[in-house]
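Reading through the structure tokens given below for one structure.
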Amino acid sequence: MNSTHKSTTGKLDAVLRGIPRVELAHTPTPLEYMSRLSAKYEGIELYVKRDDCTGLGFGGNKVRQIEFYLGDALDKGCDTVLSTGAVQSNYMRTIAAAASKLGLECHIQLENRVDNRSTDYQNSGNRLLTGMFGATIHHYADGEDEQGADGEINRIADELKQKGRKPYVIPLAPVKEPKGALGYIVAAQELIEQFAQQKFAPDLIVVGSGSGLTQAGLLFGLRLHGSSVAVLGACVRRNKALQFSRIKSHCWNLSAMLKLSALVKDEDIWTDDSALAPGYGKMSTHVNRAIHMAATCEGLLLDPVYSGKTLACAIKLIEDGSLSRFRKIVVIHTGGTPAIFAYRNEMARIGQTD
Ligand SMILES: *Cc1c(COP(=O)(O)O)cnc(C)c1O
């Protein structure tokens, strides 16, 4: 390895020194060229970073994020982990898988965030797997009340404490210490190493943006290593203005947490909500088409909530000319594949245009 690689690694080690982490993800995940999808767009090269292949419990971006929460939980001697999310949350599935592997008791609260009462949505996909990992399931009726849901999961944690357990809560709402983003500071270094190995420099990285921890961590990590590549956050949950504020505040909190100067400037933060409609967890013709294209051109499985929306956003902006200044584009496949089975009715219509 050359000297740049060494200094990059040294920088990351210094930044993360003393922060507890438990390694759970299979890394590095592959960085692949999508030749048949790229062939559809003249002058554009599309690559995919396969973070759907992080291994644990069907993988995805949350495996990288929870390395830091569960590292902290183990460091504090906790024996029980709790969190709250949507019925089809990839996050909750991944936490439950990690808890099993680490021998922690797990309590998962599921919120009704999507008005989908189909048997598949309520029972299959991530919900099925979360149960298989042995998590105790709780329910929360409201899906748009992050503070309320966190309040309730903290109340359950207090009850467990009364019973002698040592609970650790992974919060849903933004907090002062966005630990999950650290996983993507690590991923940024991994990407930079892969760009060097594969001898290419991307002009743009596109990533799904929900809680915003992935986008913020990636952006922060890239700037930390001196990369100025553009990062586009495809909004999956809320509009681009709200998402922009979220990313900005995560980046501020990361700087404070890691005692670094502000690495990310306002003009670095780019959010786009072109593919968000009709809302979180809901399909559209754009998402249908993106999932179809990935499946039939590349043998890649995308989900309707995150990775399908992310590619739909990229395709929309490529086709309307908004990305004409970029040539080499990397799309992060953040996982979410179990949701395909929860959306079985919608998936059966993939490739149909009416
Ligand atoms: C959670 C999730 C995202 C969004 O990541 P954030 O860090 O919450 O912004 C994207 N894709 C998948 C599959 C996810 O589960």
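By the 6.0 Å and 45° rule, Lys179 does not stack over the aromatic ring of Phe68. Cation-pi geometry between Arg93 and Phe58 is not satisfied (NZ or CZ under 6.0 Å from the ring centre, within 45° of the ring normal). Judged by the 6.0 Å and 45° rule, Arg127 forms no cation-pi pair with Tyr121.
Below 30°, between 30° and 60°, or above 60°: for Tyr33 and Tyr47 the angle between ring planes is between 30° and 60°, a tilted geometry.
Summarising the geometry, atom CZ belonging to Phe220 is positioned 5.5 Å from atom CD1 belonging to Ile185; distances are rounded to the nearest 0.5 Å. Here the straight-line distance linking atom CG of Leu37 with atom CG of Leu311 works out to 6.0 Å at 0.5 Å rounding. Summarising the geometry, atom CG belonging to Leu254 is positioned 9.0 Å from atom CG belonging to Leu260; distances are rounded to the nearest 0.5 Å. With values rounded to the nearest 0.5 angstrom, Leu276 atom CG is found 9.5 Å from Arg238 atom CZ. Thr285 OG1 to His292 NE2: the interatomic distance, rounded to the nearest 0.5 Å, is 13.5 Å. The CG atom of Leu74 sits 5.5 Å away from atom CG of Leu102, with the distance rounded to the nearest 0.5 Å.
Looking at heavy atoms from C-beta onward, Val186 lies in side-chain contact with Arg21 at the 4.5 angstrom threshold. Contact check for Val330 versus Val207: no side-chain heavy atoms found under the 4.5 Å cut-off. Residues Gln88 and Val305 are not in side-chain contact: their nearest non-hydrogen atoms beyond the backbone lie 4.5 Å or more apart. A heavy-atom distance below 4.5 Å is found between the side chains of Ile205 and Leu191. Contact of the Leu82 side chain with the Tyr168 side chain is not registered, since no non-hydrogen atoms from C-beta on lie closer than 4.5 Å. Here the side chains of Ile332 and Val206 are not in contact, with every heavy-atom distance at 4.5 Å or above. Using a 4.5 Å cut-off on side-chain heavy atoms (C-beta onward), Leu31 and Arg50 make no contact. In this structure the side chain of Glu105 reaches within 4.5 angstrom of the side chain of His107, judged on heavy atoms.
Placement of Leu300 and Ile44 within a single hydrophobic cluster is found when ILVMFWY residues are connected by side-chain heavy-atom separations under 4.5 Å, directly or transitively. Linking ILVMFWY residues whenever their side-chain heavy atoms come closer than 4.5 Å, directly or via other members, leaves Leu160 and Met92 in distinct clusters. Under a hydrophobic clustering in which Ile, Leu, Val, Met, Phe, Trp and Tyr are joined whenever their side-chain heavy atoms come within less than 4.5 Å, directly or via other members, Leu172 and Val63 fall into different clusters.
When all heavy atoms of Pro174 and His250 are compared, the pair lying nearest together is CB-CE1, 4.1 Å. Residue Pro167 comes nearest to Arg165 through the heavy atom pair CD-O, 3.2 Å, listed as atom of the first residue, atom of the second, then distance. Residue Gly57 comes nearest to Phe133 through the heavy atom pair CA-CZ, 3.9 Å, listed as atom of the first residue, atom of the second, then distance. Scanning all heavy atoms of the two residues, the minimum distance from Ser274 to Asp272 falls at OG-OD1, 2.5 Å.
A salt bridge does not link Glu267 to Lys248: none of the charged side-chain nitrogens sits closer than 4.0 Å to a carboxylate oxygen. A salt bridge links Glu146 with Arg246: at least one charged nitrogen is closer than 4.0 Å to a carboxylate oxygen. Between Glu190 and Arg64, at least one side-chain nitrogen of the basic residue sits less than 4.0 Å from a carboxylate oxygen of the acidic one, meeting the salt-bridge criterion. Under 4.0 Å is where a charged nitrogen must lie from a carboxylate oxygen, and between Glu67 and Lys62 no such pair does.
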The test is side chain to side chain contact (heavy atoms under 4.5 Å, CB included); show your working for Thr136 and His138 and say whether it passes. CA-CA 7 Å; Thr136 302; His138 305 264; 3.9 Å; yes

Go through it in stages, so that I can follow the logic: the residues are Thr84 and Glu152, the test is side-chain hydrogen bond (donor to acceptor under 3.5 Å, both in side chains), and I'd like the CA-CA distance, side-chain angles, deciding distance and then a yes or no. CA-CA 9 Å; Thr84 181; Glu152 181 58 18; over 6 Å; no

Starting from the C-alpha separation in whole Å, work towards a yes-or-no answer on side chain to side chain contact (heavy atoms under 4.5 Å, CB included) for Lys11 and Asp13. CA-CA 5 Å; Lys11 196 178 277 179; Asp13 286 349; over 6 Å; no

Run the side chain to side chain contact (heavy atoms under 4.5 Å, CB included) test on Thr130 and Ile137 for me, step by step, so that the C-alpha distance in whole Å, both residues' side-chain angles and the decisive distance to 0.1 Å come before the verdict. CA-CA 9 Å; Thr130 305; Ile137 307 289; 3.9 Å; yes

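Residues Lys49 and Gln194 have side chains that bring a donor and an acceptor to within less than 3.5 angstrom of each other. Under 3.5 Å, the side chains of Tyr184 and Asp51 contain a donor-acceptor pair of N or O atoms. A donor atom on one side chain and an acceptor atom on the other are found under 3.5 Å apart for Asp320 and Ser322. Side chains of Glu45 and Ser38: no donor on one and acceptor on the other come within 3.5 Å. Asn90 and Asn126 share a side-chain donor-acceptor pair at under 3.5 Å. No hydrogens or angles considered: a donor-acceptor pair under 3.5 Å links the side chains of Ser307 and Asp303. Checked by atom type, the side-chain pair Gln189/Glu193 shows a donor-acceptor distance below 3.5 Å.
Remark: the backbone N or O of Trp270 is paired with a side-chain donor or acceptor of Gln215 at under 3.5 angstrom.
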